[in-house]
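Some notes on the structure that comes next.
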2 protein chains.
Amino acid sequence: MSKKKITSMDVAKLAGVSQSTVSRVFGSGANVSEKKRNQILEAAELLGYQPNAIARGLITNKTNMIGIVMRNIQNPFYPEVLEKFYTRLAEKGYHLIFMNSEHNFVQEDEISHLIEYHVDGVIITDALLSSSAVQRFLKNDIAIILFNRYIENPDYSAVFCDNFYAGQEIGNYLVKTGHKHFAFISGPLETSTTIDRKKGFEQALAKHGYFDIAVEIGNYSYESGFEAAKKLLQSNKIVDSIFCGNDITALGAIDAAKSLGYNIPEDLSVIGFDDINMASWPSYSLTTWKQPIEDMVNQTIDLLLHEMDEEEKSVSSHALPGELIIRGSVRQRE
Amino acid sequence: MSKKKITSMDVAKLAGVSQSTVSRVFGSGANVSEKKRNQILEAAELLGYQPNAIARGLITNKTNMIGIVMRNIQNPFYPEVLEKFYTRLAEKGYHLIFMNSEHNFVQEDEISHLIEYHVDGVIITDALLSSSAVQRFLKNDIAIILFNRYIENPDYSAVFCDNFYAGQEIGNYLVKTGHKHFAFISGPLETSTTIDRKKGFEQALAKHGYFDIAVEIGNYSYESGFEAAKKLLQSNKIVDSIFCGNDITALGAIDAAKSLGYNIPEDLSVIGFDDINMASWPSYSLTTWKQPIEDMVNQTIDLLLHEMDEEEKSVSSHALPGELIIRGSVRQRE
DNA sequence: TTGAAAGCGTTACCAC
DNA sequence: GTGGTAACGCTTTCAA
């Protein structure tokens with residue numbers, strides 16, 4: 001019925017002022033008398049006027065929209081990340097265009113959509129950008145930031161957990177608690193997260209004289225953890241501890257071990273990564289490495305907003321430490 | 001550096017045609033000769049031209065953006081829902097503005113943002129709209145649809161699992177499998193989902209002569225399931241089976257029971273709702289009611305798109321059945 | 001402090 | 001088929 005949309009012009013007419021003045025009230029707010037402001041606000045209220053962000057974006061060249069492309073949203077770590085990004089950005093007046101990518105590299109058409117909508121910035125979680133993709137974003141003046149991944153010599157910033165350090169600490173902890181036969185269930189080998197966790201882990205163990213680490217390649221899913229652990233435990237190798245690339249994988253590994261008659265942690269220690277909610281559930285009580293989500297998200301947003309403001313880009317990589325959360329899935333030295 | 005954005009005008013100049021013709025190529029596609037089309041496409045490719053969706057939206061009055069406001073994104077059911085919505089809508093050329101609401105009623109400022117951006121439609125999962133909110137959307141010609149909730153006498157459509165039917169079937173199943181002492185751990189009592197599941201459950205049990213159902217009120221979280229089950233099992237009531245309002249709650253209940261020395265399902269049967277991935281994990285092997293996510297999402301999208309097209313709204317409520325998934329958390333009659 | 005007018009990058013409606 | 005031109009609803013000069 002009332003198909004006609006309410007515009008600033010309608011408000012102007014009703015309030016008996018010019019459209020420019022209405023615009024000032026809802027925009028800068030400056031240079032308008034208290035009296036007219038009130039008339040305008042009243043008229044706007046009466047008509048149910050809302051400024052049109054689309055029209056505004058067209059002229060200001062700023063949409064206040066941020067694209068977020070996520071992968072593995074089924075991994076409980078990411079909904080939490082998404083929620084935090086949403087909340088923080090909403091506070092600052094930004095809106096999220098959500099995209100779910102299924103590939104290690106964000107696809108060209110996904111990038112096209114983000115560019116078409118002229119988002120002010122893009123957050124990429126757990127995926128990478130081809131160099132042509134980066135060029136396309138940069139050429140369109142769209143700030144980019146990588147969350148939980150990084151690359152060498154990037155043209156853009158990245159925020160991630162210091163996976164190498166974490167891997168080391170985990171290795172040290174397992175040695176300290178008396179383990180001698182180690183295994184690692186990785187995520188996909190092309191991801192920097194996996195590579196660094198593995199490197200740190202192996203390096204720490206090597207320092208203690210352990211060079212023979214059993215490695216199984218997974219994909220960060222429960223199922224892959226389950227299968228990998230099964231394979232590991234049914235081989236003729238001795239394994240007294242498994243470091244899993246993430247928590248979901250670790251939960252799979254624990255279930256596999258239990259199904260083979262192992263007691264956790266008496267017969268086998270398992271350690272995860274992320275510290276998702278489930279890690280603290282009694283059925284699992286998973287010892288794990290806590291990624292500092294809060295800090296990571298805040299830092300990402302700070303960098304992104306800064307980059308959106310600045311004229312010249314300042315590229316920087318930020319590795320946040322995180323911390324070991326000790327629960328019940330790792331046997332303490334007897 | 002190349003701060004200047006490429007517009008259809010630039011393409012037109014390079015291709016030696018008018019801007020109108022460029023617009024036709026990227027728009028309707030009609031009324032342009034093969035020759036010019038190729039020139040234009042070539043020029044666009046060369047310049048890296050992308051049509052500006054913001055400008056387009058301004059004139060067409062259609063943004064191809066859909067707002068999705070979700071609650072409880074930490075419940076693993078919803079990331080799956082989000083992923084499916086994203087995928088289906090992306091196929092059809094729609095983009096998602098993601099919002100996370102923490103309230104049972106979507107807040108006024110959240111609605112304002114959606115209206116400012118002139119989304120074509122809005123999907124609300126697991127939350128409700130005040131009647132003033134509905135009026136605001138409708139007045140702005142924004143289609144609305146409720147996912148997994150419904151209200152009586154609505155002004156808009158809703159898609160949800162037939163919770164009453166499911167509750168009945170679950171009641172019947174527990175009776176059939178030889179249970180006699182029933183409990184229900186609910187979600188918040190103001191949600192239609194909870195009310196209907198409870199009603200169906202109680203009605204089915206009543207038909208078999210069971211009237212004394214122990215009820216604990218939870219909030220659909222793991223923790224609330226844990227606490228509620230503990231309370232239930234430590235009371236002096238006999239309980240041989242618990243129907244939990246959702247899977248997460250059921251997992252909490254199982255862990256609580258185990259921590260008290262109960263074996264599942266020998267000493268206690270537990271049944272959930274949703275059929276999230278975790279329900280099939282060996283540690284839990286949860287018997288549950290599967291919500292037909294795929295169908296629900298598809299139906300929601302069909303209704304939404306239809307409503308966006310139509311002049312007059314056609315309100316309808318769609319209850320989809322779902323099905324019982326039998327695993328190992330319910331004792332079979334001995 | 002205010003209003004008129006020029007865009008922003010499209011689509012849509014005209015003539016030709 | 002094609003190009004000129006008027007919107008779309010706003011912000012932003014620029015004069016007054």
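All values below come from the heavy atoms of this structure, side chains included, with hydrogens, waters and symmetry mates left out.
Per the geometry, NZ belonging to A:Lys5 stands 19 Å off P belonging to D:dA7, to the nearest Å.
Bending across the helix from C:dT1-D:dA16 to C:dC16-D:dG1, expressed as the angle between its end axes from five pairs apiece, amounts to 40° (10° rounding).
Atom CD of B:Gln135 sits in a crowded spot, with more than 12 heavy atoms from other residues, nucleotides or ligands closer than 6.0 Å. Atom CD of A:Glu45 has 12 or fewer neighbouring heavy atoms from other residues, nucleotides or ligands inside a 6.0 Å radius.
Considering CD1 of A:Ile68 and CE of A:Met99, their distance stands at 11.5 Å, rounded to 0.5 Å. Expressed to the nearest 0.5 Å, how far OG1 of B:Thr125 lies from CE of B:Met296 amounts to 10.0 Å.
With A:Asn72 as the fixed residue, the side-chain hydrogen bond (donor to acceptor under 3.5 Å, both in side chains) test singles out one of A:Asp126, A:Asn219, A:Asn100: A:Asp126.
Contacts of A:Ala15 classified as side-chain contact (heavy atoms from CB on, under 4.5 Å), with partners at least two apart in sequence or in another chain: A:Val17, A:Gln39, A:Ile40, A:Ala43.
Ring geometry, B:Phe26 versus B:Tyr49: the interplanar angle exceeds 60°, so the pair is classed perpendicular (tilted spans 30 to 60°). Note on ring orientation: taking the six-membered ring where Trp is involved, the planes of B:Phe98 and A:Phe98 are tilted (angle from 30° to 60°).
Bounding nucleotides for the chain A contact on DNA chain C, 5' to 3', at a heavy-atom distance below 4.0 Å, are C:dT1 to C:dG9.
Of the residues in residues 38-62 of chain A, those lying under 4.0 Å from DNA chain C by heavy-atom distance are A:Leu58, A:Ile59. The stretch residues 9-33 of chain B touches DNA chain D through B:Val17, B:Ser18, B:Ser20, B:Thr21, B:Arg24, B:Asn31, B:Val32, B:Ser33, each having a heavy atom within less than 4.0 Å of the strand.
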Distance-only donor-acceptor hits, side chain of residues 104-111 of chain A, under 3.5 Å, sequence neighbours excluded:
unit_1   : atom_1 : unit_2   : atom_2 : d
A:Asn104 : OD1    : A:Arg149 : NH1    : 3.1
A:Asn104 : OD1    : A:Arg149 : NH2    : 2.9
A:Gln107 : NE2    : A:Phe105 : O      : 2.7
A:Glu108 : OE1    : A:Arg136 : NH1    : 2.6
A:Glu108 : OE2    : A:Ser132 : OG     : 3.2
A:Glu110 : OE1    : A:Ser101 : OG     : 3.2
A:Glu110 : OE1    : A:Gln107 : N      : 2.9

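In this model, a donor atom of one side chain and an acceptor atom of the other lie less than 3.5 Å apart for A:Asn148 and A:Tyr78.
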